[in-house]
2 protein chains.
Amino acid sequence: MAARTVQDTAAHPARKRGRPTADERASRRQHVLDEALGVFLEHGYANATVEQLARAGGVTKRTIYAYFGDKAGVFSEMVRSLATTVSSLAPDGDTLESLATRIVYRLHSAELVGLHRLVIAESMRFPELAQTLHDNGDARHIARLAEHLADERPADAAGLAPSLFILLLGEEHRKRLLGLVPAISEESAHTHAQAALATLGLERSPLAAMPLD
Amino acid sequence: MAARTVQDTAAHPARKRGRPTADERASRRQHVLDEALGVFLEHGYANATVEQLARAGGVTKRTIYAYFGDKAGVFSEMVRSLATTVSSLAPDGDTLESLATRIVYRLHSAELVGLHRLVIAESMRFPELAQTLHDNGDARHIARLAEHLADERPADAAGLAPSLFILLLGEEHRKRLLGLVPAISEESAHTHAQAALATLGLERSPLAAMPLD
DNA sequence: AAATAATGACACTGTCCCGTATCATTGTAT
DNA sequence: ATACAATGATACGGGACAGTGTCATTATTT
């Protein structure tokens, strides 16, 4: 086992003791979940210790056990919390191209790639989390794409949406999952999205696509 | 930590003691690697113990340490051994469609999906294995597809190959990585491949595509 | 044949970490 | 106010596992 060299997330300013106020208690729990992702990403699920989760969240082991039962509980709640966040990124009222760009950008982010890795790795032990992530991630994105496609391609929108989705991710995202490439920039996310649309013959109307100068 | 309920891979017929013959020694090492995949898939890399790897391979811990140094050594050599196998599945002399079908089928297999999961999960700790797997997997498949495409689409073969590749995997393969669907049948791999080709306008020539009866 | 190398079987030490207990401390309930 | 609940700090028992040591056993080398 690799020696644990680093001091982990530098200890917070040593919270005061005693029972927390009602407000505080509500936020503490979420704070633990937020910080948990970093711990799991750094060490992996199995190697992460409850002690590390506690320190990162600014609480003690006791509180972790009181709140979540055990490490699996922290992991489950963390994934569920993040999963519901994934799909909530649609300003509603954008073009197919801007939607596609946002999907590309978000799904290449370090946060979501890391989450995806963790859930894939533990999919045998936490199958319901895999389902949750897919339902709130891929499934919703594909549904959104299908809505937009319905306007432009009423005929084969349903069949085209999944194809568009995976073209948006592309081989780049597979490399990303393997850690072979860094997170994508917003700009290249845009050109990437355009390329995917073009591959399916979905580029903007010829007039809009003309040179701008 | 989850209680280890199962007895693991049922102990082999208790190999005799003493120094093995030269032939035997050569094969023993490979046998350990072959059996290691099952152990890692069942428990995950971090939870798998050297003792389990030893029992599955029909050797003792001592031999594991003598052969591979430690658990990481077993994992590395196992991945490398499997990676070189991944790409060696081209009978050479088949159509684009048959090549596509074989890629779809193989990459959906339990073995390769499991390997992929493991390498993704440990990509931070074993980055060179991720690179190896990609070089011997995706990269070669894309290159092969590009060769075939060069015949039919000399113009944009290079750009089209990655798109075709990920369309071949499709959303199905993402679900597969998450453990949400079982391995695909050879038949549905074929129809899946045909659909991907059609999406890019690469279906067979009209004559060949006509009904056969 | 004698020495050496590799292995199985087994024991053993040290470490890590889980989960709980104890006690002081601080907010909440009544 | 007074009892109670939740928390931090700390300690600790128990289990699991890594990695090594020892000895008997069997090939290989010379």
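Chain A is the first sequence line, chain B the second, and so forth, proteins listed ahead of strands; every chain is numbered from 1.
- As a whole-Å value, the separation of A/L53 CG from C/dC17 P is 12 Å.
- The side chain to side chain contact (heavy atoms under 4.5 Å, CB included) with A/L168 is formed by just one residue from the set A/L145, A/L107, A/L99; it is A/L145.
- Annotation: salt bridge (Lys or Arg N to Asp or Glu O under 4.0 Å) contacts involving residues 163-181 of chain B, sequence neighbours excluded, comprise A/D138-B/R174, B/E172-B/K175.
- Spacing between atom CG of B/N47 and atom P of C/dC17 amounts to 13 Å, rounded to whole angstrom units.
- With the nearest nucleotide of DNA chain D identified for both A/A66 and B/G69, A/A66 has the one nearer the 5' end.
- Distance B/F68 CZ to D/dA18 C1': 17 Å, rounded to the nearest Å.
- Out of C/dG8, D/dA9, C/dT7, the shortest distance to the side chain of B/Y67 is found at C/dT7.
- In this structure, A/E51 atom CD and C/dC16 atom P are separated by 13 Å, rounded to whole Å.
- Residue pairs that meet the salt bridge (Lys or Arg N to Asp or Glu O under 4.0 Å) test with at least one member in residues 156-167 of chain A, sequence neighbours left out, are A/R153-A/D156.
- As a whole-Å value, the separation of A/Q52 CD from C/dC17 P is 7 Å.
- Contact annotation: the side chain of B/L96 approaches that of B/L164 to within less than 4.5 Å [non-hydrogen atoms, C-beta and beyond].
- Distance, A/Y65 OH to C/dT20 C1': 9 Å, rounded to whole Å.
- Considering only side-chain N and O atoms, B/T63 lies under 4.0 angstrom from the phosphate OP1 or OP2 of C/dG8.
- For A/V59, whose side chain is taken as the heavy atoms from C-beta onward, the closest listed nucleotide among C/dA9, D/dG8, D/dC17 is D/dG8.
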Show the distances under 3.5 angstrom between N or O atoms of the protein and N or O atoms of nucleotides 28-30 of chain D.
from, atom 1, to, atom 2, distance (Å)
D/dT28, OP1, B/A22, N, 2.8

I'd like a list of close polar pairs between nucleotides 13-15 of chain C and the protein, N/O only, cut-off under 3.5 Å.
none

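- Separating the CZ atom of B/R55 from the C1' atom of D/dA18 is a distance of 15 Å, rounded to the nearest angstrom.
- At least one donor-acceptor pair closer than 3.5 Å links the side chain of A/H108 to the backbone N or O of A/V104.
- The backbone N or O of A/A48 lies less than 3.5 Å from a partner atom in the side chain of A/K71, making a donor-acceptor pair.
- On a pure distance criterion of 3.5 Å, a polar donor-acceptor pair joins the side chain of B/R62 and the base of D/dG21.
- Taking atom NZ of B/K71 as the reference point, atom C1' of D/dA16 lies 12 Å away to the nearest angstrom.
- Applying the salt bridge (Lys or Arg N to Asp or Glu O under 4.0 Å) test to residues at least two apart or on different chains, none of the pairs has a partner in residues 190-199 of chain A.
- When each of B/K61 and B/R25 is assigned the nucleotide of DNA chain C bearing its nearest heavy atom, the one mapping closer to the 5' terminus is B/R25.
- Comparing D/dG19, D/dA18, C/dT7 against the side chain of B/D70 picks out D/dG19 as the nearest.
- In this structure, A/F68 has no ring-ring contact (aromatic ring centres under 6.0 Å, His included) partners at least two apart in sequence or on a different chain.
- Between B/T49 and B/L53, every side-chain heavy-atom pair lies at or beyond the 4.5 Å cut-off.
- The minimum heavy-atom distance between B/L169 and B/H192, with the atom names listed, is O-NE2, 3.7 Å.
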